[in-house]
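What follows is one structure encoded as structure tokens, with my remarks underneath.
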Number of protein chains: 2
Amino acid sequence: MTEIDEERADALFHALADRTRRDIMRRVLAGEHSVSALAAKYDMSFAAVQKHVAVLEKAGLLTKRRNGREQLASGDVTAVRSVASMLTELEQLWRGRIARIDELIAFDTATHPDQEN
Amino acid sequence: MTEIDEERADALFHALADRTRRDIMRRVLAGEHSVSALAAKYDMSFAAVQKHVAVLEKAGLLTKRRNGREQLASGDVTAVRSVASMLTELEQLWRGRIARIDELIAFDTATHPDQEN
DNA sequence: TAAATATACAACTAATCGGTTGTACGTTGT
DNA sequence: ACAACGTACAACCGATTAGTTGTATATTTA
């Protein structure tokens with residue numbers, strides 16, 4: 001369960017850790033684009049862009065749909081949201097830390113009320 | 001400007017694209033931990049953990065503070081939030097796409113009111 | 001002062017990554 | 001039928017990664 005989740009997190013963050021792939025995500029979230037239409041936008045080979053699309057697809061960040069001879073890529077916003085929620089989980093841990101510090105301060109001011117300001 | 005931002009995004013996503021580093025982040029967001037205290041938690045050498053901490057520090061996800069002979073690491077929640085906001089930006093592009101689709105539907109139902117359901 | 005602890009860093013290795021070129025195959029248009 | 005287009009995939013290459021071991025340097029503590 002958690003093992004699979006961590007693998008998925010690895011794939012998601014790794015997929016987003018590349019400029020070209022983040023740029024592809026911007027385009028395919030805004031609308032469908034064929035792989036060759038995407039490839040035309042970057043100064044690299046078609047195969048290189050195809051690999052980037054494959055990385056994003058394996059991570060679940062986009063899906064492909066065949067239309068004739070072209071493959072139309074479309075961004076999956078729920079995958080983007082799942083990454084965001086992982087970050088929110090991290091933030092919650094930090095909130096817990098702050099809450100604990102606040103408790104300490106509350107205890108301190110209750111024990112030594114003359115130290116309040 | 002954007003060049004630096006993309007480099008920062010590369011570093012942030014790459015830093016989070018590793019289980020051990022995400023786990024370190026959970027611990028240091030919840031509270032301060034020395035590098036050796038962290039190292040004791042994982043089945044790898046001290047040097048390996050030290051490198052992971054260095055990657056997180058370079059990305060700005062944690063800061064270190066010297067206390068005697070130990071180095072206390074503390075998670076930086078604002079860096080975590082900056083990653084979350086990048087994802088929100090991506091999500092906005094998707095919202096734009098949906099808005100455009102809605103406009104098309106509105107135009108269509110206005111032009112062909114008999115096709116409504 | 002000497003031993004133990006905590007860190008830093010260099011050098012090495014196997015694996016992965018991001019790119020290339022080349023080949024093959026189905027689909028479309030002439 | 002055939003040329004052009006869009007895609008898939010394998011093989012290769014240099015750079016980077018995640019790990020290791022070993023050594024050096026402060027800081028405690030006995």
Side-chain angles (χ1 to χ4, degrees), chain A residues 3 6-28 31-75 83, chain B residues 3 6-28 31-75 83:
Chain A
E3 189 63 36
E6 287 294 297
E7 255 177 66
R8 182 163 179 75
D10 283 352
L12 285 166
F13 281 111
H14 170 250
L16 292 170
D18 180 281
R19 284 162 231 239
T20 306
R21 287 198 290 263
R22 283 192 302 276
D23 199 66
I24 290 174
M25 281 308 294
R26 287 183 201 109
R27 296 182 197 273
V28 299
E32 281 187 337
H33 293 269
S34 72
V35 181
S36 49
L38 289 170
K41 307 281 188 177
Y42 307 99
D43 188 22
M44 63 180 75
S45 69
F46 172 83
V49 174
Q50 195 182 13
K51 275 195 191 177
H52 282 307
V53 170
V55 168
L56 291 168
E57 188 183 20
K58 272 199 180 175
L61 282 159
L62 64 78
T63 54
K64 286 189 299 189
R65 172 197 137 216
R66 251 243 136 62
N67 181 255
R69 64 183 158 191
E70 22 181 48
Q71 197 80 274
L72 299 177
S74 187
V83 179
Chain B
E3 188 63 35
E6 288 294 297
E7 256 177 67
R8 184 162 178 74
D10 284 352
L12 285 166
F13 282 111
H14 170 250
L16 292 170
D18 180 281
R19 281 162 233 239
T20 306
R21 286 198 292 263
R22 282 192 303 276
D23 199 65
I24 290 174
M25 280 309 294
R26 286 181 202 113
R27 295 181 197 274
V28 299
E32 281 187 336
H33 292 269
S34 72
V35 181
S36 49
L38 289 170
K41 307 281 186 176
Y42 308 99
D43 187 24
M44 64 180 76
S45 68
F46 172 83
V49 174
Q50 195 183 12
K51 276 193 189 177
H52 282 307
V53 171
V55 168
L56 291 168
E57 188 182 20
K58 273 199 180 175
L61 282 160
L62 64 78
T63 55
K64 286 190 298 188
R65 173 196 136 219
R66 251 246 135 64
N67 180 257
R69 64 182 158 189
E70 39 183 29
Q71 197 83 272
L72 299 179
S74 187
V83 178

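None of these values were measured; they are calculated from a predicted model. Just so it is clear: chains get the letters A, B, ... in the order the sequence lines come, proteins before strands, and each one is counted from 1.
B/Asp18 is not listed as a side-chain neighbour of A/Phe13, based on a closest heavy-atom distance of 4.5 Å or more. Side-chain atoms of A/Met44 and A/Thr20, non-hydrogen and from C-beta on, do get closer than 4.5 Å to each other. Side chains of A/His14 and B/His14 form no contact here, defined as non-hydrogen atoms less than 4.5 Å apart. Side-chain contact between B/Ile24 and B/Val49 is present, with at least one heavy-atom pair separated by less than 4.5 Å.
Atom CG of A/Asp18 is separated from atom P of D/dT16 by 14 Å (rounded to the nearest Å). As a whole-Å value, the separation of A/Asp23 CG from C/dG18 P is 15 Å. The nearest whole Å value for the distance from the CD atom in B/Gln71 to the P atom in C/dA8 is 5 Å. What separates CG of A/Leu72 from P of D/dA8 is a distance of 11 Å, to the nearest Å. Taking atom CD on B/Glu57 and atom P on C/dC9, their separation rounds to 10 Å, with Å as the unit. Between A/His14 atom NE2 and D/dT17 atom P there is a gap of 10 Å when expressed in whole angstrom units. Across the protein-nucleic acid pair, B/Lys58 atom NZ and D/dT17 atom P stand 10 Å apart, rounded to whole Å. Note: CD (B/Glu70) to C1' (C/dA4) measures 14 Å, nearest angstrom.
Taking a cutoff of 4.0 Å between a charged side-chain nitrogen and a carboxylate oxygen, A/Lys51 and A/Glu57 do not qualify as a salt bridge.
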Trace of the side-chain contact (heavy atoms from CB on, under 4.5 Å) decision for B/Leu61 with B/Leu16 = CA-CA 9 Å; B/Leu61 282 160; B/Leu16 292 170; 4.0 Å; yes
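Residues A/Arg69 and A/Ala17 each lie close to DNA chain C; by heavy-atom proximity, the contact nearer the 5' end of the strand is made by A/Ala17. Residues B/Arg66 and A/Gly68 each lie close to DNA chain C; by heavy-atom proximity, the contact nearer the 5' end of the strand is made by B/Arg66.
At a threshold of 4.0 angstrom between heavy atoms, the contacts of B/Thr20 with the nucleic acid are absent. Across all strands, B/Arg21 comes closer than 4.0 Å only to sugar-phosphate atoms, never to a base (heavy-atom distances).
Contacts between residues 35-51 of chain A and DNA chain C, defined by a heavy-atom separation below 4.0 Å, involve A/Met44, A/Ser45, A/Ala47, A/Ala48, A/Lys51, listed by number.
Judged purely by distance below 3.5 Å, without hydrogens or angles, the side chains of B/Arg27 and B/His33 never pair a donor atom with an acceptor atom.
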